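Source: prediction; values computed, not measured. The sequence lines fix the lettering, A, B, ..., with proteins before strands; numbering per chain opens at 1.
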4 protein chains.
Amino acid sequence: MSSFSADGLTGGLFADAAMADILSDRRWLQAMLDFESALALAEAKVGVIPKGAAEVIAACCDAAFYDIAEIGRRTTLAGNPAIPLVAMLTATVKERDPAAAEFVHYGATSQDVIDTGLSAIAAAATALVVDRLRASSAALAGLAARHRATPMIGRTLLQHALPTSFGLKCANWLDPLLECQERLRGAGDATIQFGGAAGTLAALGDLAIPVSEALGADIPRHTARVRPQALACELGMLCAALGKIARDIALLMQTEVAEAFEPTAPGKGGSSTLPHKRNPVQSVAIVAIAARTPGLVATMLSAGLQEHERGVGGWHAEWEVMRELLTLAGAAALHMQALLEGLEVDAGRMRANLELTQGLVMAERVTFALAPSLGKARAKAFMEAACRRAVAEKRHLRAILAEAPEANGLDLEMLFDPATYLGASEALIDRVLAAYKTIQASRGTV
Amino acid sequence: MSSFSADGLTGGLFADAAMADILSDRRWLQAMLDFESALALAEAKVGVIPKGAAEVIAACCDAAFYDIAEIGRRTTLAGNPAIPLVAMLTATVKERDPAAAEFVHYGATSQDVIDTGLSAIAAAATALVVDRLRASSAALAGLAARHRATPMIGRTLLQHALPTSFGLKCANWLDPLLECQERLRGAGDATIQFGGAAGTLAALGDLAIPVSEALGADIPRHTARVRPQALACELGMLCAALGKIARDIALLMQTEVAEAFEPTAPGKGGSSTLPHKRNPVQSVAIVAIAARTPGLVATMLSAGLQEHERGVGGWHAEWEVMRELLTLAGAAALHMQALLEGLEVDAGRMRANLELTQGLVMAERVTFALAPSLGKARAKAFMEAACRRAVAEKRHLRAILAEAPEANGLDLEMLFDPATYLGASEALIDRVLAAYKTIQASRGTV
Amino acid sequence: MSSFSADGLTGGLFADAAMADILSDRRWLQAMLDFESALALAEAKVGVIPKGAAEVIAACCDAAFYDIAEIGRRTTLAGNPAIPLVAMLTATVKERDPAAAEFVHYGATSQDVIDTGLSAIAAAATALVVDRLRASSAALAGLAARHRATPMIGRTLLQHALPTSFGLKCANWLDPLLECQERLRGAGDATIQFGGAAGTLAALGDLAIPVSEALGADIPRHTARVRPQALACELGMLCAALGKIARDIALLMQTEVAEAFEPTAPGKGGSSTLPHKRNPVQSVAIVAIAARTPGLVATMLSAGLQEHERGVGGWHAEWEVMRELLTLAGAAALHMQALLEGLEVDAGRMRANLELTQGLVMAERVTFALAPSLGKARAKAFMEAACRRAVAEKRHLRAILAEAPEANGLDLEMLFDPATYLGASEALIDRVLAAYKTIQASRGTV
Amino acid sequence: MSSFSADGLTGGLFADAAMADILSDRRWLQAMLDFESALALAEAKVGVIPKGAAEVIAACCDAAFYDIAEIGRRTTLAGNPAIPLVAMLTATVKERDPAAAEFVHYGATSQDVIDTGLSAIAAAATALVVDRLRASSAALAGLAARHRATPMIGRTLLQHALPTSFGLKCANWLDPLLECQERLRGAGDATIQFGGAAGTLAALGDLAIPVSEALGADIPRHTARVRPQALACELGMLCAALGKIARDIALLMQTEVAEAFEPTAPGKGGSSTLPHKRNPVQSVAIVAIAARTPGLVATMLSAGLQEHERGVGGWHAEWEVMRELLTLAGAAALHMQALLEGLEVDAGRMRANLELTQGLVMAERVTFALAPSLGKARAKAFMEAACRRAVAEKRHLRAILAEAPEANGLDLEMLFDPATYLGASEALIDRVLAAYKTIQASRGTV
């Protein structure tokens with residue numbers, strides 16, 4: 001389907017220009033030509049082909065010399081783009097130096113060119129995703145630190161549970177992003193495929209290994225697909241982690257909840273008919289992307305049963321799927337960065353929502369506080385009755401307790417203050433921030 | 001990611017120009033404008049808006065007036081392309097008739113426009129897929145008829161089993177294509193989505209239902225996604241059926257089997273280094289497509305849990321996935337048509353391969369033939385011994401039997417002729433061909 | 001993995017006893033034996049085997065005579081359960097009538113037995129799913145009728161949009177269930193697979209078609225998998241439709257929303273530590289099931305590329321996946337039935353939540369009402385200013401308007417009453433209820 | 001669906017007794033009880049609860065005391081098995097020491113128990129998978145070494161390409177298994193989930209972190225699902241790698257190819273009607289498993305968007321899916337071990353199949369050999385003509401060349417010997433074997 005782009009009707013929802021450029025056919029083509037160039041130079045270095053020929057070949061390896069649509073037309077019959085590309089490169093070299101044309105693509109096979117080219121652009125795309133994750137992580141680290149003492153209700157199964165802090169929520173969003181970021185850095189390295197027609201490098205005779213080493217290739221892996229699959233899996237996990245944050249934000253933006261909001265911008269998130277709406281546009285795009293990635297990861301896995309020395313279709317299925325996964329992950333990471341960098345947090349509403357159950361979410365805490373004086377069993381029974389009364393009379397649990405002699409000695413103000421019932425949240429935030437700092441400091445080593 | 005195209009490096013492997021045009025952003029845009037035009041005209045007919053306004057609106061509903069890239073830029077913030085499109089359409093109408101501008105998109109919502117537009121291009125794309133299937137079916141019907149008496153070995157678990165005919169194999173390929181073709185015709189109808197901002201058509205008051213009926217809409221189904229999902233499922237089943245044929249052909253083209261071949265063409269299927277190869281290029285593309293579709297179908301299903309009156313991401317995930325599914329199915333159908341119309345069948349090799357087990361595949365038949373004279377139990381024991389001897393001595397089972405007095409009365413020539421052991425294959429072929437004729441005759445009613 | 005059951009730690013969350021029984025190994029075994037029995041009787045009827053032999057065979061086709069674990073042990077080596085089953089059936093027949101043993105499984109192949117058996121239990125399972133859907137549909141039809149005039153806010157992208165009614169929401173939940181129910185009835189029919197070792201029925205000679213017809217079989221479809229795939233797709237769509245309802249209910253049960261609730265029961269939905277919680281237990285189970293089904297459907301599609309006359313693994317992958325899909329769909333349907341039959345609706349809270357935006361959701365309506373007196377453009381500008389003021393002063397929009405001379409002549413009470421702004425909701429409900437009645441009336445014809 | 005088992009009709013095809021035991025409900029229950037026990041002891045150590053109470057609790061944490069079916073019955077309403085389990089454990093403790101009952105599950109939440117329990121059994125299951133992979137790797141390393149000089153044809157797109165060796169094919173199968181093995185060892189570690197009701201450990205006050213550390217827990221990750229997802233992905237990649245080997249073996253076992261075979265055993269791989277067949281039973285089971293795993297991995301990813309502090313269904317979807325993935329991977333690894341340990345290799349047939357193209361696969365080599373004397377261009381043209389003649393006359397290319405004066409000086413015997421045209425295959429084998437040895441030596445450190 002050719003290049004992905006951000007120029008269509010859906011604009012930047014599922015793609016963006018920078019990533020589209022990295023993954024464009026033009027860049028893929030150049031990366032394949034880079035392989036042919038590097039191969040020729042490596043072979044010249046080792047003495048397989050003449051140095052002069054290698055130089056002519058290298059000089060012809062410029063994507064600007066080739067017509068992508070023409071390559072594509074021939075690909076339809078040839079079965080892969082390397083076959084016409086090699087033919088056209090050979091013709092170009094031949095015009096300059098007929099003798100050199102004999103040495104184009106010397107000892108290599110189509111899959112060597114295509115896999116190496118895709119790996120190169122995938123590595124560049126992965127690096128861009130990682131950069132964007134770094135920015136999201138920085139934004140989350142800032143939010144986690146700033147809101148370490150901003151209480152909000154913790155919600156399990158979408159029900160109010162106990163208080164937590166918005167800082168801890170941000171730390172819990174950050175933790176898997178850091179993990180994905182670190183994992184991606186390992187999975188995204190460019191690799192050089194070089195095995196020749198049947199993976200034996202037979203055409204190069206005794207110089208096969210020296211050429212392979214000069215080229216920087218490992219053993220050929222024409223039908224061993226763990227590496228592209230592993231990158232796909234990492235992108236799938238990342239999109240799930242981003243999707244979780246986005247879904248949480250859409251939930252927090254609900255009219256009834258209203259605790260956090262995507263940044264506003266002119267033309268952003270309005271409804272075509274309802275001026276009061278504030279739609280979670282970026283969150284929606286990220287959730288949509290997270291809905292699309294699992295199926296693509298599954299394809300990378302099911303396509304992995306590639307027959308003998310070159311697969312019948314499984315390999316070919318990877319080409320667009322990997323680019324689509326990278327495009328989607330890139331767009332999700334970009335949306336997330338913008339979303340988090342401008343996130344609006346309504347700490348007052350968070351505090352107000354903590355009161356929606358009229359103190360019931362603090363009942364557990366009060367029970368513990370009563371235990372020393374009443375004994376555990378009596379404390380529990382007393383509190384259950386108090387809760388029932390609060391619900392029945394639609395009054396705040398604190399007001400019920402204020403009238404009860406059993407609760408006389410308690411500091412009800414403090415006990416009903418969620419800000420003082422955040423457990424180990426600050427310590428947990430600090431752990432995630434410490435991990436963040438370590439990972440941030442390792443930037444130079446990427 | 002904008003339009004899919006066949007202009008890139010992978011050319012026509014996974015897309016083709018005719019389908020790319022049908023599913024292009026330009027066509028989607030026009031289909032959305034067609035909705036706005038039809039809506040205005042329906043509302044004028046019912047008396048909701050002035051007839052003159054409707055005519056101006058309709059006159060502005062030409063995709064040529066709008067800049068796709070500009071719509072896309074605004075979509076990134078707006079969250080869907082209908083919002084900027086309606087704004088731009090309104091501005092265009094306003095230039096011609098300010099009063100008419102008030103009536104653009106009157107009572108409708110973004111999802112009405114987008115769903116209706118996508119359904120329209122999906123219907124056109126489905127019709128093209130069906131046309132291509134018809135051609136494949138015709139080719140298969142021809143092959144089934146022509147080869148009804150061409151014996152070949154039946155293979156189960158990739159092992160030689162019993163004889164079958166190439167005609168029956170073609171009928172067995174045809175049968176699910178016919179089923180998919182019929183199912184697709186039902187699933188691909190264009191539908192009109194019309195519900196307004198919350199699915200109640202409230203803005204149209206008492207005239208809501210009359211407008212809806214004038215427009216040809218059914219009840220709104222903003223978050224009831226059975227129909228797009230059903231189309232996705234049909235495309236998934238079709239690609240699996242096409243993939244099965246393609247995999248079979250790749251297996252038949254194996255150097256060791258060599259019973260059938262994709263058509264040849266200059267530049268087709270050669271290897272970059274191995275001139276003797278005859279690669280199954282079209283089969284490979286179809287198998288690759290069949291590897292990609294299941295994940296996309298799964299996405300359509302998992303995206304179906306769309307919240308309340310408009311989904312958070314689930315709906316948005318459908319836009320590109322449906323177009324990708326249609327593009328892939330279209331390309332697979334086109335490859336299959338070309339492949340089957342030019343399929344080369346080597347009946348001689350099929351006959352020769354039937355002899356690879358030196359008669360063992362006919363043992364069952366001979367056992368039955370011996371039963372009347374020897375009794376079943378003795379016949380079975382005798383034949384087991386004969387088979388063992390044939391294997392041990394690497395001789396043909398017929399030769400072993402020719403020396404055995406127990407087999408004296410048998411017509412070994414006939415018994416070892418696979419062409420006379422094809423069971424009900426002709427009757428089965430005829431059933432499929434009868435279904436084919438019925439379906440072909442129903443063409444006019446699509 | 002043998003039978004699914006509801007006896008384990010997760011109890012009835014993902015399975016239930018009635019469905020587990022239908023899909024049990026015991027029932028599958030019996031269904032395979034039923035095929036062997038029916039085959040023998042059909043062959044006797046047509047004259048292929050002796051009538052007496054058929055009767056002995058039929059008498060031995062009782063699952064109680066066979067040890068499932070022993071069949072399983074042999075299956076591990078044999079590759080499918082039909083091989084040991086046929087051997088054990090043959091031995092059982094032989095004990096009673098050695099001559100009859102020759103005619104067991106006469107002319108059939110393993111896949112004939114297994115596919116027919118699985119189809120039979122799948123048909124029974126599908127019928128149970130349909131029964132449960134009928135009950136859910138009845139509950140939804142009741143709710144839709146009862147709440148046709150219960151206003152609630154419509155939510156798009158989880159934001160308040162315009163009023164709708166709970167009745168319409170129920171109708172919108174019902175519509176896809178009806179569609180799934182009708183589709184499932186067609187997809188779930190039991191089919192008889194009968195093709196013999198290579199799909200030609202060769203062992204039966206000229207009597208092949210008569211036997212096939214006596215058995216009620218269609219053409220063999222050993223590697224044409226549209227029918228099991230179609231059933232899988234239907235189950236996938238159904239689970240998505242159920243999951244959508246369940247997710248909506250979980251959202252409605254949110255502490256901040258509190259508009260509808262799963263039925264209560266002793267021991268249901270409590271938290272282990274938080275006594276005030278009311279967890280959406282059944283909704284959660286349904287959403288979990290809907291998360292699991294798309295991957296299983298994808299497996300059924302990707303497994304569909306089955307080689308030649310019997311697939312290498314693709315066919316085998318279907319056995320447990322189909323049973324798992326049916327088990328999950330059955331459990332989801334059962335949860336949904338219980339959930340809907342006891343659904344608690346808080347119409348007061350729905351009404352209260354409509355006021356959360358302090359009248360902003362009604363602004364569109366008032367603008368229309370002002371247009372005749374002010375002109376459209378002025379009405380729109382005036383209302384935008386009024387909305388801004390309402391937000392800034394945190395006052396109800398109605399109060400702002402009550403002070404404005406421009407709005408003097410309006411019936412603000414009526415205009416801000418969402419119950420009078422439900423558009424075509426009643427007509428839309430009626431359409432769905434009419435479809436429900438038609439489908440319900442067709443019960444007898446299943 | 002409760003425990004997976006190998007006791008059913010499908011026997012050991014998709015499960016095995018050892019793995020079924022590890023992943024059984026009984027073992028999961030015990031692992032959950034182990035968490036409760038370890039928690040109590042950690043809390044006693046830190047001084048949160050009395051030491052005596054902890055000892056009583058620990059003494060009650062024996063799975064034998066609890067009725068799985070009863071837990072399951074209550075789970076159906078409670079929504080997860082931890083709720084009834086904690087209630088039943090509390091009751092058991094209460095009988096021995098009423099005061100101690102207060103301290104059961106102190107400060108923990110259901111997800112802490114369930115996640116920790118599942119992680120523990122998953123870790124044990126992963127270790128078993130790794131053990132089985134070690135055995136497969138050892139078998140492959142042996143085959144790679146033994147067959148380093150066994151020539152066979154390399155096949156690309158199922159067409160004969162150039163010679164390779166069976167040793168290199170084994171090394172190419174081994175390489176991804178080693179990679180998966182190493183990756184799995186990292187991904188399968190057991191982790192302790194401990195966060196309390198909202199992930200803040202609030203109930204434990206200042207002692208939260210000390211308890212967490214005494215327990216060996218990291219930060220809570222209730223809705224950060226990278227770790228279970230990563231394990232799922234590793235299992236998915238492993239099954240694809242195993243599936244690739246299995247599909248290759250099924251292809252090698254084809255009647256027409258016949259180069260390698262699964263080990264034979266009484267009752268193994270026969271057909272119910274065709275005595276001469278040798279079905280690839282284990283390969284088929286592995287391919288079937290590889291067809292099933294991608295959809296399960298996709299489920300783990302799409303289930304990852306878990307809401308706020310506990311997900312609505314996403315978390316619950318993981319429970320059975322993870323166990324199913326482990327069960328399937330375990331069965332695939334066990335089949336592979338048996339298959340490889342007994343693999344029959346027909347080196348003679350491999351050699352014979354190299355001749356099927358009558359020398360054409362060696363044409364490239366001869367062209368190179370002719371280049372010094374004829375010049376490259378002439379050599380190429382000459383050989384193309386020779387190949388055409390060989391095909392047309394159905395003669396061996398060597399015979400054609402023997403008659404040509406141009407080829408006079410060549411050692412045709414040597415040039416047409418594939419054993420001398422294996423390129424770098426031995427060096428490549430050695431690299432994989434070196435990696436194997438390193439990984440094998442690291443065994444003690446797992």
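- One N or O on the side chain of B:His335 and one on the backbone of B:Leu13 form a donor-acceptor pair closer than 3.5 Å.
- Chain B forms more heavy-atom pairs under 4.5 Å with one residue of A:Leu85, A:Ile71, A:Thr75 than with any other, namely A:Thr75.
- A donor-acceptor contact under 3.5 angstrom links the side chains of A:Gln306 and A:Glu318, judged on distance only.
- Between chain B and the options A:Gly313, A:Gly295, A:Pro84, the largest number of non-hydrogen pairs under 4.5 Å is found for A:Gly313.
- Of the residues considered (A:Asn80, A:Ile289, A:Ile68), A:Ile68 shows the highest number of contacts with chain B, using heavy-atom pairs under 4.5 Å.
- No part of A:Ala285 comes within reach of chain B, as not one of its non-hydrogen atoms sits under 4.5 angstrom from that chain.
- Options B:Val287, B:Leu296, B:Thr293, B:Val284 differ in how many heavy-atom pairs under 4.5 Å they form with chain A, and the most are formed by B:Val284.
- Under the side chain to side chain donor-acceptor pair (under 3.5 Å) criterion, B:Gln193 pairs with B:Asp115, sequence neighbours left out.
- The backbone N or O of B:Glu262 sits less than 3.5 Å from a side-chain atom of B:Arg278, completing a donor-acceptor pair.
- Interface with chain B: from residues 297-305 of chain A, residues A:Thr299, A:Ser302 qualify, criterion being any non-hydrogen pair under 4.5 Å.
- Side-chain contact check for B:Val257 versus B:Leu251: every heavy-atom pair is 4.5 Å or farther apart.
- For chain A, the nearby part of B:Pro266 is the backbone; its heavy atoms alone come within less than 4.5 Å.
- Residues forming a side-chain contact (heavy atoms from CB on, under 4.5 Å) with A:Ala125 (at least two apart in sequence, or on another chain): A:Met19, A:Ile22, A:Leu23, A:Leu326.
- Note: B:Trp319 and B:Trp315 have perpendicular aromatic rings, judged against thresholds of 30 and 60 degrees for the angle between ring planes.
- Residues passing the salt bridge (charged side-chain N to carboxylate O under 4.0 Å, His left out) test with A:Glu102, sequence neighbours excluded: none.
- Between the B:Asp21 side chain and the B:Ala18 main chain, no donor and acceptor come within less than 3.5 Å of each other.
- The most heavy-atom pairs under 4.5 Å with chain A, out of B:Val312, B:Ile286, B:Val321, come from B:Val312.
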